[in-house]
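See structure below.
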Amino acid sequence: MAELLAKPDTSLLDHLADVVKRGAEIAQRPKLRLQEPLRTKALIACALHDVGKATVGFQDYIRGKRKGAYPHALASLPFALVLEGLLNAKWGLAPTRHEATAAVLTHHSPLSPRLYRGYEVPPDYHPDLRRTLEGVWELLQEAGVKSLPPVEAFWPLVQELLGQSPAVLLDTPQRIDGESKTLRGAFQSLAAEDFARVKAVLHLADWLASAKRSSSQGLFLSGGRSAVERHTRRLGVSLRAFQRAARRAAGDAEVLWLRAPTGAGKTEALLLWAGDAERLIYLLPTQATTTAMWRRLRGIYGDDAVALAHGRAAYLLRQEFDEDPLDVRLFGSVFAQPVTVATLDQYLLAHLNGRHWEERRTLARPATIVLDEIHAYEPYTLGLLLEALRRERPERMALASATLPDPLLELFPPGRLVEAEPELWTRRRHRLALREGALLEDGITQALEWAHRGQRVLVVANTVRDAQAFYKRLQEQGWEERELLHARFLLRDRQRKEARVSEPRPGTIFVATQVVEVSLDISYDALLTEIAPVDALVQRLGRVNRQGHGPPAPVVVYRQWSEGAQRIYGRELLEESARLLSELSSEPTDAELAGATRQLYERVLATPEWHRELEEGRRTLDEVQRTLGCYTIDLADEELRQRFTARRGTVSVEVLPEPFLEEAYGLKERGEGWKLPELLVPVPVWWLQQVPEMFTPLSDLGVVQTALPYDPELGLLLSMDSEAERTSQAEVW
């Protein structure tokens with residue numbers, strides 16, 4: 001009889017042997033804290049997860065004799081259920097402790113209320129099943145699993161279940177601990193951390209085996225400190241005092257607070273503190289900052305060690321490879337690479353039980369996590385973060401920012417404060433002028449005056465509409481050295497623009513929205529900006545005379561704000577920011593700017609509105625986790641979908657402008673559908689409700705088409721007299 005297969009080129013027992021071997025390596029990592037009996041449960045899951053491939057249907061399918069087969073994860077359920085039940089009884093554990101069984105059942109699909117419902121026919125198990133189980137027992141014994149019942153004792157017990165559909169087992173009520181409960185309900189009620197760790201070992205081991213990786217060692221960082229020190233030597237500059245202090249804190253500071261001005265070497269200090277961590281997760285506010293840091297850290301730790309995780313990671317990774325880098329994407333998306341650079345959203349959505357939450361949360365607990373630009377988050381997002389950290393605090397954590405206010409730090413676990421040395425804060429990089437006019441009305445003349453002198457001018461408006469209007473006036477003036485950047489451009493147009501504005505020619509006028517605050521590593525010669533909260537203004541100033549090598553750069557802040565700016569920030573916050581700016585010297589030091597930011601935070605953090613949003617974030621995460629237990633969130637559930645967001649007021653949807661429809665279908669026909677993100681533009685989701693006639697879902701492409709006009713220079717346009725042209729936080733970017 002032909003050997004049973006797991007894959008076209010791999011026998012079932014060979015694959016299970018590889019998975020058990022990798023699982024044993026991972027399970028013994030000390031920082032995973034996988035003690036008995038969970039270690040044994042993880043190995044049982046590794047050994048039994050694909051036993052369900054020992055069916056006639058699957059063997060025909062893998063040999064190309066039929067198009068589909070019974071779900072092998074479901075067919076594996078009875079074997080894990082019986083064996084784990086026997087061991088639970090032997091160990092004196094509750095009969096509901098089925099972490100391994102739940103992991104086996106869900107190794108291809110998330111645990112949910114509807115998983116595998118409707119499969120009423122039992123699998124057609126293969127005649128060689130018994131011989132396969134004997135091989136599995138040998139694998140477990142070789143891996144050091146003790147207390148296994150003999151196959152002869154196990155076989156008749158499991159045979160009692162093989163004549164019925166395993167799906168029926170999931171939803172048949174049973175008396176367990178004096179109450180009626182289904183097996184599915186018992187899975188949901190498992191201790192989330194225990195279930196997650198067992199499933200994480202199974203998934204990582206299975207993926208390693210499928211990717212033909214010979215060892216699990218590549219999942220862990222080694223020699224991180226040496227890599228960073230080589231990098232600092234390549235820079236050819238001596239470490240600053242605060243960078244040396246961060247390096248010294250690596251041995252005894254579980255929580256680091258780092259405050260250093262822009263361009264002073266904050267990232268190097270954080271990496272020196274991270275040192276020889278076996279896993280580093282570096283979290284940032286935006287996709288743009290995350291992508292830039294991913295490229296930067298690859299140059300330090302090596303391409304193979306650093307992963308990218310955000311909404312467009314799959315597209316960016318596909319650009320880097322000739323073929324779809326499936327294993328690279330997969331390991332990166334679950335924080336499994338030695339270094340992962342991700343948006344904070346990815347971390348928070350894992351705590352809201354998003355897909356693969358089990359692996360992400362398991363791997364984040366023993367990790368060193370850096371929360372860079374921590375000032376950039378709204379209170380709701382901070383509330384989610386604080387609750388996630390309260391429940392599952394990582395082994396080590398750093399909070400960093402150029403504007404790291406004390407009132408914000410007090411919300412987090414106590415830490416060692418490392419601050420840049422005083423001389424770095426005494427830099428006077430800007431010559432500040434506060435003017436009474438409006439940016440849109442009075443800024444054109446000033447921008448052109450500086451540009452005529454050959455200065456590179458940055459102009460920052462608070463809304464996309466105002467940025468577009470300013471740019472149109474430059475067009476009308478005939479100034480050719482101009483650029484416009486905001487979030488309502490096609491991705492490929494935005495990428496081209498970001499490349500151009502990073503190396504501007506003399507006389508360039510670069511008009512932007514808040515995208516420049518935490519996304520672009522640029523340094524211009526002069527700045528014009530509409531009034532905004534002080535912390536935002538400090539970030540804008542950081543994009544002018546960034547390194548402080550030149551004399552103070554001219555900065556003009558216009559006190560008159562637009563209606564859109566008031567709706568975004570609120571009148572009181574703008575008035576208070578204008579007051580704080582008026583009290584600064586004309587050439588403020590970095591210390592003075594940081595002090596103004598702290599004063600603003602002290603006022604904002606004292607408001608009831610701020611604390612209400614913070615508590616809403618805390619409460620949301622608590623309620624989602626209590627409601628779901630071990631279930632993965634079901635985004636078909638309207639109520640849960642509304643809670644599945646790491647931000648408030650910034651929910652957006654990506655749309656395809658009509659002129660690019662033919663190109664999109666061409667990509668699909670050529671098998672290049674992965675390039676579709678290049679043609680999409682994010683818009684506030686409420687636009688679809690306000691002007692529904694402008695949007696059409698395209699099910700064959702999986703996107704929404706928009707009839708709104710698109711201009712390569714201006715981006716997506718919304719009619720100025722449209723009722724939908726109202727400003728929200730979602731459209732300022």
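Worth saying up front: this structure is predicted, and the values here are computed from it rather than measured. In this chain, numbering begins with 1 at the start of the sequence shown.
- Classification of R197 and E359 as a salt-bridged pair fails, no side-chain N sitting under 4.0 Å from a carboxylate O.
- Looking at Q337, its side chain does come within 3.5 Å of a backbone N or O of D304 through a donor-acceptor pair.
- Remark: side-chain polar atoms of R184 are paired, donor with acceptor, to backbone N or O of S112 under 3.5 angstrom.
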For residues 150-157, which side-chain donor-acceptor pairs fall under 3.5 Å, sequence neighbours excluded?
residue : atom : partner : partner atom : Å
W155    : NE1  : Q159    : OE1          : 3.2

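- The existence of a salt bridge linking K21 and E142 is excluded, since no basic side-chain nitrogen approaches an acidic carboxylate oxygen closer than 4.0 Å.
- Remark: the backbone N or O of G52 is paired with a side-chain donor or acceptor of S76 at under 3.5 angstrom.
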Donor-acceptor pairs are to be reported for all side-chain atoms of residues 5-18 against protein atoms at under 3.5 Å, with residues two or more places apart or in another chain.
residue : atom : partner : partner atom : Å
K7      : NZ   : S210    : OG           : 3.4
T10     : OG1  : K212    : NZ           : 3.3
S11     : OG   : D14     : N            : 3.1
S11     : OG   : D14     : OD2          : 3.1
H15     : NE2  : D50     : OD2          : 3.3
H15     : NE2  : D206    : OD1          : 3.1

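- Under 4.0 Å is where a charged nitrogen must lie from a carboxylate oxygen, and between D622 and R391 at least one such pair does.
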Hey, mind stepping through H72 and H49 against side chain to side chain donor-acceptor pair (under 3.5 Å) and telling me if it holds? CA-CA 8 Å; H72 67 267; H49 76 288; over 6 Å; no
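- Atom CD of E662 sits in a sparse spot, with 12 or fewer heavy atoms from other residues, nucleotides or ligands closer than 6.0 Å.
- N88 contributes no side-chain N or O that, together with a main-chain N or O of L93, makes up a donor-acceptor pair within less than 3.5 Å.
- Under the 3.5 Å distance criterion, with hydrogens and angles disregarded, no donor-acceptor pair is assigned to the side chains of E120 and S165.
- The pair E395-R365 does not meet the salt-bridge criterion, since no charged nitrogen lies less than 4.0 angstrom from a carboxylate oxygen.
- H356 has its ring centre less than 6.0 Å from the ring centre of W207.
- Residues passing the side chain to side chain donor-acceptor pair (under 3.5 Å) test with R619, sequence neighbours excluded: none.
- Remark: L83 CG to L148 CG distance equals 6.0 Å, nearest 0.5 Å.
- Of the possible donor and acceptor atoms, none in the side chain of R396 sits under 3.5 Å from a partner among the backbone N and O of P366.
- Panel note: side chain E99, backbone D194; no donor-acceptor pair is recorded below 3.5 Å.
- Under 4.0 Å is where a charged nitrogen must lie from a carboxylate oxygen, and between E134 and R131 no such pair does.
- E358 pairs by the side chain to side chain donor-acceptor pair (under 3.5 Å) definition with K199, not counting sequence neighbours.
- Close placement of the Y70 and Y119 rings is indicated, their centers lying within 6.0 Å of each other.
- Within a 6.0 Å radius of CG in D276, other residues, nucleotides and ligands contribute more than 12 heavy atoms.
- Although no hydrogens or angles enter the test, the distance criterion places no donor-acceptor pair under 3.5 Å between the side chain of H351 and the main chain of L348.
- Between the H98 side chain and the P95 main chain, a donor and an acceptor come within less than 3.5 Å of each other.
- Minimum heavy-atom separation, L43 to A24: CD2-N, 3.5 Å.
- Residues V20 and A143 share a closest heavy-atom pair of CG1-CB, 3.7 Å.
- Checked against ring-ring contact (aromatic ring centres under 6.0 Å, His included), F79 has the following partners two or more places apart in sequence or in another chain: Y125.
- For the pair R66 and Y61, the cation does not sit on the ring face, since its NZ or CZ is not both under 6.0 Å from the ring centre and inside 45° of the axis.
- Taking the ring axis of W357 as reference, the NZ or CZ atom of R355 does not stay both within 45° of it and closer than 6.0 Å to the ring centre.
- Counting only N and O atoms by type, the side chains of Q59 and R63 include a donor and acceptor under 3.5 Å apart.
- Q346 and R360 share a donor-acceptor pair across their side chains, judged by distance under 3.5 Å alone.
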Side-chain donor/acceptor pairs under 3.5 Å, residues 667-674, sequence neighbours excluded:
residue : atom : partner : partner atom : Å
K668    : NZ   : D700    : O            : 2.8
R670    : NE   : E672    : OE1          : 3.4
R670    : NH1  : G666    : O            : 3.4

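- R22 places a side-chain N or O within 3.5 Å of a backbone atom of S214 that can act as its donor or acceptor partner.
- Residue L628 comes nearest to L352 through the heavy atom pair CD1-O, 4.3 Å, listed as atom of the first residue, atom of the second, then distance.
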